[in-house]
Colleague: 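Right, I'll just put the structure down here and ask away after.
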Amino acid sequence: MATERFEKKQARWWSSLVWPVSGLALLLLFDLCFTDGFFKLEVRDGHLYGVLIDILNHGSKVMLLALGMTLVIATGGVDLSVGAVMAIAGAVAARLINTTNVSFPVVIGVTLAVAIAAGCWNGLLVGAFRIQPIVATLILMVAGRGVAMLITDGQIITFTEPWLTYIGNGHLLGLPFPVWLSGGMLLITALLTRRTALGLFIESVGDNQTASTYAGVNSSTVKFFVYVFSGFCAGLAGLVAASNIKCADSNHAGLFLELDAILAVVVGGTLLTGGRFYLVGAMVGALFIQTLTTTMYMRNVSADIAPVPKALAILVVCLLQSPKVRTKFSGLLKRRGS
Amino acid sequence: MKFPLASRYLPLLATALVLAGLYVAGCVSFDNFSSLRVAVNLIGDNGFLGIAAIGATFVILSGGIDLSVGAVVAFTSILIASLVEDHSVNPLAAIAAALIVGSLFGAAMGSLIQWFELPPFLVTLAGMFLARGVGFMIHPQSHGIQNDFFLQTVSERLSLPLNNRVSFPFTGTCFVVMFVLATFVAHYTRFGRYIYALGGDEQSARLMGLPVARTKVLIYALSGFCSALAGVVYTFYTQSGDPASCVGLELDAIAAVVIGGTLLSGGVGFLAGTVMGVLILGLIQTLITFKGDLNSWWTRIVAGMLVFLFILLQNVISSASKRLRG
Amino acid sequence: RAAEKKIVVGFSQIGAESGWRTANTESIKAEAAKRGIELKFADAQQKQENQIKALRSFVAQGVDVIAFSPVVETGWEWVLREIKRAGIPVVLSDRAVAVTDDSLYVTFIGADFVEEGRRAGRWLAKASDGKAVIAELVGTPGSAPAIDRKKGFTEVIGQYPGMKIVKSQSGDFTRAKGKEVMESFLKSPDAKQITALFAHNDDMALGAIQAMEEAGVKPGKDILIVSIDGVHGAFEAMAAGKLNCTVECNPLIGPQLFDAVDAILAKKKLPKRTQVIEGVFEQSQAAAELPNRKY
Amino acid sequence: METEPKALLEIRGLVKGFPGVKALQGVDFIVRRSEIHALMGENGAGKSTLIKVLTGVYPRDGGTMRLEGVEINPRSPKMAEALGISTVYQEVNLIPHLSVAENICLGRQPTFFGMIRWREMARRAERALRRVDLKLDVSQSVASCSIAVQQLVAIARALDVSEKLLVLDEPTSSLDEKEVGELFAVLRKLRGQGTGIVIVTHFLDQVYAISDRITVLRDGKLVGEFETARLPRLKLVSHMVGREITQPEGSARGAEAGEADVKAEPLLEIKNFGRAGSVTAMDLSVARGELVGLAGLLGSGRTETARLIFGIDKAQTGEMRVDGRRTSFHSPRQAIRAGFAFTPENRKVEGILPRMSVRENIVLALQARQGLGQMISRKRQLELADEFIRRLGISTPGPEQAVGNLSGGNQQKVLLARWLVTQPRLLILDEPTRGIDVGAKAEIEKTMQELRAQGMAILFISSELEEVVRACERVVVLRDRAKVGELAGDGISEEKIMHMIAEHGHGH
Ligand SMILES: Nc1ncnc2c1ncn2[C@@H]1O[C@H](COP(=O)(O)OP(=O)(O)OP(=O)(O)O)[C@@H](O)[C@H]1O
Ligand SMILES: Nc1ncnc2c1ncn2[C@@H]1O[C@H](COP(=O)(O)OP(=O)(O)OP(=O)(O)O)[C@@H](O)[C@H]1O
Ligand SMILES: [Mg+2]
Ligand SMILES: [Mg+2]
């Protein structure tokens with residue numbers, strides 16, 4: 001077996017990040033040149049204040065969702081119910097906090113428990129009953145918002161409890177709390193998947209379910225877990241969303257955010273067919289989407305034609321990610337260089 | 001001698017059984033549910049969704065996905081409305097133009113997917129945004145059509161009277177004709193079989209010497225055509241164009257396809273299943289309307305639960321019959 | 001025999017997208033229950049196609065009167081003709097329809113969105129002495145209230161050379177979007193000039209108020225805020241001095257609607273259009289009006 | 001008409017590289033008319049790559065290709081087919097959910113004004129299958145056929161496509177002797193009609209039985225072209241591995257076979273084990289340190305037996321005892337926890353995780369058994385991977401290469417490594433030598449004997465009777481999904497097995 005020995009090429013975790021990051025960088029560069037005030041940062045009331053901070057702050061909802069969604073997509077599934085679960089979480093929290101004698105930790109505990117229960121429901125349908133993920137989670141997507149409205153009676157429920165409003169509006173060490181929350185969750189998810197064998201199992205189920213089952217991976221349990229985790233992440237995102245506007249708006253909380261979360265994951269380099277997943281990539285994807293949205297606000301692009309520039313931006317990122325385009329491009333560069 | 005019905009038709013049979021069960025349940029619980037009008041409405045009202053779902057079936061069978069469906073329907077409707085009303089184009093010419101634009105749009109997405117190896121999800125999502133945005137550029141709000149072709153010909157003359165009170169609307173006719181044509185394409189043309197092959201195993205399909213590239217581009221073109229046709233039917237149905245309409249229609253279409261037994265991973269499924277999926281979604285809506293005392297949130301919860309019940313029964317029936325046959 | 005039968009009314013609602021809409025639905029339901037009328041309620045979830053399906057299903061069920069709040073203005077010709085052929089009278093609520101033949105419906109009960117926009121414009125012109133740099137929070141793109149309210153508002157401020165809209169962006173009628181968009185307005189270079197905000201509904205205004213407070217801008221003082229709807233939260237904000245004016249858009253049309261139904265069944269003649277009674281409320285009236293707000 | 005045999009296919013200086021791998025480095029390859037030409041080389045030598053470049057699956061980096069003197073440049077298998085090159089690729093490449101008939105006729109369905117004639121298609125498929133002597137219901141889906149049947153279907157398809165140049169990449173890797181015989185008869189007939197045939201196989205017997213010429217590749221380079229009749233076996237092997245070779249000794253069945261007097265109680269014992277539609281009333285036992293073979297013809301139920309034991313399918317009748325205790329497995333996981341291991345025969349569908357690295361593929365089963373928490377450290381993973389890459393001679397640029405990019409034989413070795421690292425008590429090998437080169441095969445046989453000597457129980461399934469006879473101390477013979485007999489010790493011979501299979505009449 002005398003094939004040439006090549007140096008051990010270890011796939012570094014950041015090597016996959018190059019393309020989503022360059023997409024984001026391109027967009028930021030555009031803003032640097034053409035959007036006034038985009039990069040202005042100042043300190044106000046002891047915390048950072050500026051458009052970039054807003055992007056981090058508002059992007060954190062999709063970032064949280066994308067963490068769970070990444071794992072779900074890595075197993076070859078998809079979770080359409082995250083937006084509805086966000087609405088449920090917000091509704092439960094607002095309802096409870098306005099009830100006398102319920103303390104803040106209990107509110108958080110119950111809210112997250114409800115979100116996890118929603119995840120269990122999805123996990124059960126996909127993992128145990130083997131229903132195709134898209135229909136399985138569609139059920140909760142449709143019914144879940146109804147449940148949230150049932151909880152709030154179709155009304156917007158406002159609250160003023162300081163701890164609950166802190167989650168979406170507070171600042172810690174100069175940065176908005178949601179940024180810390182999503183950063184912390186990223187860390188936890190990364191540890192959970194990379195410091196245990198969970199990541200390996202998830203990727204193996206997504207790459208070839210039959211083969212990994214034969215190798216002893218409990219694919220139903222793995223699937224069950226990722227939906228539960230996704231439910232949990234959606235619960236956190238729901239808390240942030242509700243807290244941010246100090247009310248539970250069951251009709252609109254998380255509406256269409258599942259699409260943004262999936263988009264973030266795919267922009268981050270994870271394939272929809274499952275297998276390898278990139279958590280940090282998904283975070284970059286989420287920031288990309290939020291930057292795009294904010295850019296459009298800042299540039300006063302009218303909302304009805306805003307989808308057009310959005311489409312073009314997605315296509316550019318797509319092309320950046322395409323191996324085919326890349327090889328053609330690098331071929332061109334090489335020819336130039338030589 | 002083998003049982004003539006191959007096991008691959010089992011899920012289809014299960015779906016049909018549950019659909020029939022749902023219908024019978026409706027007839028038993030509500031007056032007038034068994035009337036001819038309800039059945040006709042079911043087909044006519046869901047015509048455009050059905051046609052869009054047929055397009056989605058082809059894409060999903062090939063292992064892809066098309067998220068642009070709803071936006072293209074909206075885009076087509078406003079394009080036709082604007083052409084006919086603001087530019088006094090002949091309605092038939094406007095329809096033809098819309099169908100061509102839709103097909104080309106699909107083909108463009110297919111080409112991007114094929115030649116640059118981009119994920120269909122992203123490309124068609126971009127397509128969705130693009131179609132939506134351009135629709136708003138054409139006309140920023142809903143736009144009625146006063147042309148006689150739409151007001152009289154389509155809604156009156158082209159509908160088939162069944163009895164003196166109920167007539168079969170042209171939207172339903174379009175749906176049925178499209179279903180027959182699509183079934184023919186899927187099962188009796190080489191192109192149709194390539195779609196299945198592509199979804200079954202793209203790598204193998206390429207190695208078997210099938211024209212993968214051409215097929216893929218054509219599939220998305222076909223889906224674009226179906227979306228555009230759904231848009232045309234939508235304008236027949238509402239006699240107006242609306243750039244904001246049909247948000248999330250793609251999800252309904254995909255749901256109908258998947259409920260009909262088609263695997264989202266591709267390669268397995270039938271158009272008849274999709275049609276049943278569409279009818280199931282429609283039937284669920286009809287049941288809720290007939291119930292009539294649910295408030296907005298219970299409407300959603302009950303709709304979700306009915307889908308769940310349906311999927312569960314479908315699973316139970318098909319796995320039970322599999323066990324029966326060993 | 002017919003007298004013994006309970007009257008059945010089919011009502012197709014747009015959806016349940018806001019507290020305003022929910023109040024609208026509740027008012028109709030409560031009134032139906034009060035009068036012993038059987039109400040068939042259908043939620044269209046913002047989709048015209050769902051609404052058409054529901055209307056045709058009402059025909060199949062053979063209801064006595066059909067009422068609905070159309071999602072959009074156009075596209076009702078065919079289904080209304082089918083209803084007419086079935087001999088069922090139609091009442092429109094909240095939003096009008098554009099049809100060639102206005103015998104297709106009996107009467108329209110509801111607000112005039114354009115007029116609401118005008119009122120907001122007039123109030124702002126008066127409050128700012130015809131000089132204002134305005135940021136606008138637009139409703140959902142393509143929706144009738146967004147288009148009409150904008151139309152009415154711009155029509156009025158067009159008469160004042162000192163008033164101009166510098167920022168206009170959709171907040172989708174939601175608090176979250178209203179807040180997010182306002183934040184970006186406040187961070188743009190020309191933020192300092194903004195002296196007034198026109199929001200197409202109260203929810204967006206309430207979100208924007210939060211954004212202003214976080215940015216250290218005093219809502220209601222540094223920036224004048226006018227919005228439309230008159231929901232409970234808006235009155236609270238006005239009482240706290242954070243919102244300056246809300247143009248009422250009254251959702252409680254249940255009694256008027258069923259008066260019309262009764263009149264139709266009694267074969268009385270009705271006007272083509274019934275305006276809902278609505279007012280314009282300022283901060284000074286807020287505290288007094290607050291207890292009367294149920295939605 | 002017999003002028004000098006002009007070259008049908010002439011490839012000169014072919015170059016092809018992948019990131020980190022130089023798969024072909026200036027290879028010449030010539031096929032004449034009416035010739036069966038064997039392409040030989042170790043796993044990863046570049047055989048499949050040569051074929052894929054020839055048929056336009058991969059673009060080439062350099063070199064020329066001529067067919068009948070005309071320069072060709074196919075950019076897809078479709079174009080290659082149009083040129084008259086018909087190919088069976090190494091991994092079975094069919095569409096699993098479509099029927100056998102469709103798979104055979106896909107792309108060439110008989111039509112009537114553009115409308116597919118299904119009846120005619122079925123007839124045509126049956127006719128094509130008859131050439132490889134296969135009779136089956138052509139309306140059944142390919143996925144429901146065993147891998148051997150799938151291979152035959154793929155061959156039937158290729159035979160049906162074109163008759164100018166036929167390329168077969170390991171067509172016989174999961175066929176039994178009888179099927180191979182049928183196939184060779186067809187190939188000889190085609191050769192008589194002027195077809196040029198390229199065949200890749202790791203079975204030396206088959207090479208000598210059928211080929212006229214041999215081209216040997218090593219590490220992507222051409223070693224030489226030889227006339228089969230003038231190339232002794234040992235010489236061929238030497239060319240392939242690149243050093244002199246002396247005769248490897250025949251019976252691996254060690255001397256200990258004699259001292260197998262009082263074997264320990266059986267590790268695994270199944271009685272009357274079966275499942276409707278799969279296997280009927282199977283009795284079988286394997287003891288520690290015993291190597292038991294399962295022999296039978298294609299479709300005789302060997303794979304199914306293994307699946308039942310490993311808990312993939314659930315048995316409906318009978319009982320299973322492990323260490324004398326009654327057990328039943330509901331999933332492979334339980335079987336693995338009991339110390340079982342199973343390498344499936346269909347590596348593409350049931351074996352490899354194509355987009356994951358060699359390292360991850362190797363540690364997966366061990367990690368799955370250890371559970372979530374006790375993560376094998378990255379360092380240990382690399383050690384394990386390196387160890388097995390060395391031990392089994394897996395040719396890969398490194399442990400981080402995606403397994404899908406390895407050559408077929410090397411993928412098989414990775415699968416074997418996956419189970420060897422778990423150090424199982426019972427190892428079930430279903431066609432483990434499928435697509436593996438001679439050197440590696442000997443290595444695997446040696447490994448099996450070593451493991452057996454260490455007390456591992458092994459259940460060995462192979463279509464190569466010779467291999468079974470050489471390695472096993474007990475052979476269970478299956479026919480028509482039932483056990484028909486058992487041979488032990490010196491009683492094992494190919495003739496006896498064949499006799500047992502044939503005894504009760506023939507046919508499947
Ligand atoms: N798609 C690919 N990407 C990267 N490397 C590849 C790819 N395909 C093949 N290789 C490498 O090219 C070399 C030659 O592989 P090839 O499949 O041609 O071997 P082979 O001679 O057919 O071996 P086997 O007998 O095992 O089938 C191997 O080292 C393999 O790892
Ligand atoms: N996954 C499956 N689903 C349905 N039928 C199958 C499946 N696998 C195999 N069969 C059928 O069961 C029969 C026994 O196949 P099995 O694979 O056990 O035979 P085998 O002795 O291992 O032979 P082979 O050499 O073909 O692997 C075959 O006729 C095959 O068609
Ligand atoms: Mg090979
Ligand atoms: Mg087998």
Side-chain angles (χ1 to χ4, degrees), chain A residues 76-78 80-81 84 121 125 129-136 138-154 250-251 256 258-259 262-263 266-267 271-274 302-319 321-325 328, chain B residues 63 65 67 71 112-113 115-123 125-137 140-141 243-244 247-248 251-252 254-255 257-259 261-265 277 294-312 314-316 319:
Chain A
V78 70
L80 295 180
S81 72
W121 164 263
L125 293 191
F129 292 119
R130 303 197 183 177
I131 296 175
Q132 293 199 60
I134 202 161
V135 238
L138 181 83
I139 294 169
L140 193 55
M141 179 191 180
V142 174
R145 202 163 285 281
V147 171
M149 282 149 90
L150 187 69
I151 295 169
T152 59
D153 231 2
S250 303
N251 292 298
F256 300 129
E258 53 278 346
L259 214 58
I262 299 171
L263 180 61
V266 180
V267 165
L271 294 181
L272 266 184
T273 43
S302 146
D304 42 10
I305 63 153
V308 176
K310 201 165 174 183
L312 298 180
I314 292 173
L315 274 182
V316 169
V317 175
C318 265
L319 290 171
Q321 288 221 347
S322 156
K324 201 123 176 204
V325 177
K328 269 186 195 144
Chain B
I65 196 154
L67 297 179
L112 279 175
I113 292 166
W115 302 116
F116 295 111
E117 289 168 13
L118 302 179
F121 181 89
L122 285 184
V123 173
L125 188 70
M128 158 178 147
F129 287 134
L130 196 68
R132 191 62 78 185
V134 175
F136 272 104
M137 281 175 176
Q141 71 188 102
V247 174
L251 212 60
D252 287 341
I254 294 170
V257 173
V258 176
I259 287 172
T262 301
L263 289 189
L264 205 60
S265 47
L294 298 174
N295 67 17
S296 300
W297 35 101
W298 277 110
T299 302
R300 288 166 181 272
I301 297 173
V302 170
M305 286 300 120
L306 282 175
V307 173
F308 170 65
L309 192 76
F310 174 81
I311 303 268
L312 205 66
Q314 190 187 27
N315 262 25
V316 167
S319 66

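First the proteins, then the strands, lettered A, B, ... as listed; each starts at 1.
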Colleague: Would you mind reporting whether B/Trp297 and A/Asp153 have side-chain heavy atoms less than 4.5 Å apart?
Modeller: yes
Colleague: Which of the residues A/Asp304, A/Val308, A/Val266 is involved in the greatest number of heavy-atom pairs with chain B at under 4.5 angstrom?
Modeller: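 So the answer, after comparing A/Asp304, A/Val308, A/Val266, is A/Asp304.
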Colleague: If I measure from the heavy atoms of chain A, does B/Trp115 come under 4.5 Å with its side chain, its backbone, both, or neither?
Modeller: backbone
Colleague: Select one option (side chain, backbone, both, neither) describing which atoms of A/Leu138 are under 4.5 Å from chain B's heavy atoms.
Modeller: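 Side chain only.
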Colleague: Rounded to the nearest 0.5 Å, what's the gap from CD1 on B/Ile311 to CG on A/Leu125? Could you check?
Modeller: 9.0 Å
Colleague: Which bit of B/Val247 is near chain A, if near means a heavy-atom gap under 4.5 Å: side chain, backbone, both or neither?
Modeller: side chain
Colleague: Could you give the distance from CZ (B/Phe129) to CG (B/Leu67), rounded to the nearest 0.5 Å?
Modeller: 9.5 Å
Colleague: Against chain B, label A/Ile139 side chain, backbone, both or neither, depending on which of its atoms sit under 4.5 Å from a heavy atom there.
Modeller: both
Colleague: At a 4.5 Å cut-off on heavy atoms, which part of A/Leu80 comes close to chain B: side chain, backbone, both, or neither?
Modeller: side chain
Colleague: What is the distance from atom CD1 of A/Ile314 to atom CG of B/Leu118, rounded to the nearest 0.5 Å?
Modeller: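 CG of B/Leu118 is found 12.0 Å from CD1 of A/Ile314.
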Colleague: So for A/Leu319, is it side chain, backbone, both, or neither that comes closer than 4.5 Å to the heavy atoms of chain B?
Modeller: both
Colleague: Less than 4.5 Å apart, any side-chain heavy atom of A/Leu263 and any of A/Leu259?
Modeller: no
Colleague: Would you mind telling me which of A/Phe129, A/Phe256, A/Trp121 has the largest number of heavy-atom pairs within less than 4.5 Å of chain B?
Modeller: A/Trp121
Colleague: Which residue, A/Val135, A/Val78, A/Ile134, A/Leu272, forms the side chain to side chain contact (heavy atoms under 4.5 Å, CB included) with B/Leu264?
Modeller: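 Output: one option passes, namely A/Ile134.
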Colleague: Less than 4.5 Å to any heavy atom of chain A: does that hold for the side chain of B/Ile254, its backbone, both, or neither?
Modeller: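 Just the side chain, heavy atoms under 4.5 Å.
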Colleague: Under a 4.5 Å heavy-atom cutoff, which of B/Leu306, B/Val123, B/Leu263 has the most pairs with chain A?
Modeller: B/Leu263
Colleague: I want to check something: taking the side chain as every heavy atom from C-beta on, are B/Leu251 and A/Met141 in contact at a cut-off of under 4.5 Å?
Modeller: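 B/Leu251 vs A/Met141: side chains touch.
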